[in-house]
Amino acid sequence: MDSVYIRGGIVLQGQVSIQGSKNAVLPVLAATLLAEGTSVIENCPRLADVYHMQTLLQSLGCSVTRDKNMLRVNTEGMSRLKALSGDMPKEAVESMRSSIFLLGALLNKTGEVELAYPGGCVIGERPIDIHIEALKQLHVSFEEKSYGLHAYTEGLKGADITLPFPSVGATENLLLAAVGADGTTIIRGAAREPEIVTLCRFLSACGADITGGGSSTIIIQGRKKLCAADFAIPGDRIVAGTYLCACLAVGGEVLLMEAPTEQMQAIKKVAETMGAVWQETDKGLYIQRRERLKAPKQLITAPFPGFPTDMQSLFLPVLALAEGNCTVVENIFENRFHIIPDLNAMGAKIEQMDAKNARVEGVEQLTGCRVQAKELRGGAALVIAGAAAKGETIVDGCGYIERGYENICRDLRELGVRIYGV
Ligand code: EPZ
């Protein structure tokens with residue numbers, strides 16, 4: 001399905017179960033490489049990026065089997081040579097950012113790895129300088145090669161490391177390496193995202209000694225033997241936030257089951273300030289929007305626990321239809337306003353002042369038209385705009401959306417949206 005058709009303007013009503021977290025499961029799958037035996041990962045979403053990670057693990061000699069939403073990863077067949085010979089399928093490595101987590105895991109497991117530069121998307125340059133400078137402090141050497149990076153170590157040594165920016169990926173890579181280092185590693189200025197907490201929980205379940213996961217200072221006692229563990233991935237906070245935004249943009253009431261509400265407090269603050277009803281019940285997150293929402297003066301993205309950058313695009317259609325004006329400040333990625341021209345083609349009034357700032361002037365209504373997804377969260381935001389717009393919308397380029405959503409059409413249909421793959 002590369003395009004979806006949406007007949008918009010129908011008030012939402014219904015409930016949907018939120019899939020497991022993409023950004024949590026990917027580093028956990030990389031971490032399974034470090035655990036002897038068979039790890040069982042529950043609530044694993046069916047996504048292109050997860051499939052790519054499975055392919056990478058299999059190319060390293062692991063056996064990976066799926067049974068519905070459960071993945072079993074057995075590392076007994078993993079061979080050092082494979083990690084060296086660059087056997088990892090280039091297309092899988094380059095197709096997603098998460099292949100970078102293999103750097104820390106493989107340095108821990110084999111001491112050497114050849115890796116093509118990871119892919120990314122149009123939201124930004126996505127450099128890995130913070131990863132590299134931090135790993136060097138654990139006694140890793142790097143060589144630039146034509147295909148990418150050759151990284152090796154005579155033995156990982158614990159260190160006291162301060163990150164210049166709380167990079168999620170760099171924190172995860174450091175954790176995956178430090179659990180196998182000699183001695184203690186301290187990560188200062190660590191990312192605090194829920195995905196870090198989940199990775200620390202999995203590694204601890206395998207026998208690692210980690211304290212401070214989720215805070216900005218994480219302490220790892222290395223060299224612990226890690227054994228396979230059974231582990232359940234939490235719900236995806238951004239997918240839950242996506243369907244929340246559909247309700248805020250279109251109106252109505254929805255129940256988001258398995259939504260990780262404890263990870264969504266910054267989103268809650270904005271939604272309630274705008275006038276939405278937010279109720280955390282034992283069945284899930286109940287959201288209601290009856291009246292037109294009021295725009296906040298500003299929406300500013302920041303590292304966790306601030307407002308998530310991944311929610312910025314998803315809130316644009318909500319702000320476009322709210323009463324009043326809002327200045328959106330994107331502090332994390334340098335190119336994350338791709339959908340503004342598409343939203344304006346639908347009748348929104350959004351002006352991009354520069355790479356970081358956009359000004360939204362609320363309008364009463366959007367009108368459906370044909371638009372093009374260019375990346376994951378922007379594509380989902382265009383679907384939300386189509387669900388709220390009068391008339392018909394076609395969103396092309398939905399392959400991007402499938403990288404993060406198991407089945408956005410199925411989920412939104414359960415909430416009452418008339419949406420079909422075409
Ligand atoms: C993770 O990306 C997520 N991806 C992103 O989600 C998310 O937006 C981001 O964290 C921030 O929360 C996955 O977990 C697979 P960063 P990551 O390292 O690790 C710069 C989605 O929609 N930077 O925290 O790449 C970087 O360019 C995706 O699911 C460096 O300069 O994010 C960016 O501007 C999109 N050098 C900022 O830091 C580095 O070495 C944040 O990047 C690393 C990062």
Side-chain angles (χ1 to χ4, degrees), residues 19-31 45 47-50 52-53 56 93 95-104 117-137 142 149 161 163-176 187 189-199 216 233-234 236-242 263-264 266-267 301-315 330-339 355-356 373-381 400-406 408:
Q19 69 187 55
S21 165
K22 164 180 89 85
N23 291 351
V25 73
L26 293 169
V28 164
L29 288 175
L47 298 169
D49 278 8
V50 173
H52 290 310
M53 184 59 91
L56 292 174
V93 173
S95 68
M96 58 168 197
R97 175 90 184 156
S98 321
S99 51
I100 188 69
F101 302 129
L102 290 171
L103 188 56
Y117 281 114
C121 44
V122 293
I123 62 175
E125 172 72 12
R126 312 301 290 275
I128 56 171
D129 54 319
I130 300 176
H131 298 243
I132 290 172
E133 290 317 310
L135 287 168
K136 280 181 180 170
Q137 296 176 60
F142 289 88
L149 271 181
I161 299 166
L163 295 181
F165 176 86
S167 156
V168 173
T171 303
E172 290 164 341
N173 243 335
L174 271 179
L175 282 163
L176 292 166
I187 307 175
R192 298 175 55 193
E193 272 69 5
E195 292 75 37
I196 305 293
V197 175
T198 301
L199 179 59
S216 49
I233 299 295
D236 191 310
R237 62 192 171 107
I238 306 300
V239 170
T242 302
Q263 302 176 10
M264 302 171 67
I267 302 167
T301 68
F304 197 88
F307 185 84
T309 173
D310 292 349
M311 289 301 303
Q312 180 261 103
S313 309
L314 298 160
F315 257 84
E330 171 54 59
N331 285 315
I332 307 297
F333 287 102
E334 64 270 28
N335 201 359
R336 204 162 200 180
F337 287 126
H338 280 284
I339 62 170
K356 280 168 67 100
K374 299 177 190 69
E375 39 88 18
L376 168 54
R377 305 303 173 186
Y400 288 109
I401 301 174
E402 287 168 1
R403 286 186 54 183
Y405 298 82
E406 269 190 348
I408 198 166

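Throughout, numbering of the chain's residues begins at 1 and tracks the sequence. First listed ligand is number 1; within each ligand, the first listed atom is number 1.
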Q.
Nearest 0.5 angstrom please: Ile128 CD1 to Ile100 CD1, how far?
A. 4.0 Å
**Q.** NZ/NE/NH1/NH2 to OD/OE distance under 4.0 Å, Lys22 and Glu195
**A.** no
Q. Judging by distance only, is a nitrogen or oxygen of Ile130 under 3.5 angstrom from one on ligand 1?
A. yes
Q) Thr171 side chain to Ala191 main-chain N or O, any donor-acceptor pair under 3.5 Å? A) yes
Q: Just do the side-chain hydrogen bond (donor to acceptor under 3.5 Å, both in side chains) check on Gln312 and Glu330 with the steps written out, would you?
A: CA-CA 7 Å; Gln312 180 261 103; Glu330 171 54 59; 3.1 Å; yes
Q.
Is the shortest side-chain heavy-atom distance between Asn23 and Val168 below 4.5 Å?
A. no
Q) Short list, please: which atoms of ligand 1 are under 4.0 Å from a heavy atom of Lys22? A) 21 (C), 29 (O)
Q) Side chains of Arg377 and Tyr400: is there a donor and an acceptor less than 3.5 Å apart? A) no
(Q) Pairs of nitrogen or oxygen atoms closer than 3.5 Å, one from Glu172 and one from ligand 1: do any exist? (A) no
Q) Based purely on interatomic distance, does Ala170 place a nitrogen or oxygen under 3.5 Å from a nitrogen or oxygen of ligand 1? A) no
(Q) As a check for students: among Pro127, Pro164, Gly169, identify the option with a heavy atom nearest to atom 39 (C) of ligand 1. (A) Pro127
Q: Find all atoms of ligand 1 within a distance of less than 4.0 Å from any non-hydrogen atom belonging to Arg336, and give their numbers and elements.
A: 8 (O), 22 (O), 35 (C)
(Q) Could you measure the distance from the NE2 atom of His52 to the CG atom of Leu29? Nearest 0.5 Å is fine. (A) 13.5 Å
Q) Do Asn23 and ligand 1 have an N or O pair less than 3.5 Å apart? A) yes
Q: Return the option from Asp310, Leu314, Asn335, Thr309 holding the heavy atom at the smallest distance from atom 6 (O) of ligand 1.
A: Asp310
Q. Which of the atoms of ligand 1 are close to Phe165, meaning less than 4.0 Å from one of its heavy atoms?
A. 37 (C), 38 (O), 41 (C)
Q.
I want to know if ligand 1 touches Val168 in the polar sense, i.e. an N/O pair below 3.5 angstrom.
A. yes
**Q.** Enumerated ligand 1 atoms positioned under 4.0 Å from heavy atoms of Arg377
**A.** 21 (C), 22 (O), 29 (O)
**Q.** Enumerated ligand 1 atoms positioned under 4.0 Å from heavy atoms of Ile128
**A.** 39 (C), 40 (O)
Q | Heavy-atom side-chain contact between Pro303 and Arg192 under 4.5 Å | A | no
Q | Heavy-atom donor-acceptor pair, Gln19 side chain to Glu406 backbone, under 3.5 Å | A | yes
Q. Where's the contact between Ile332 and ligand 1, heavy-atom distance under 4.0 Å: side chain, backbone, both or neither?
A. both
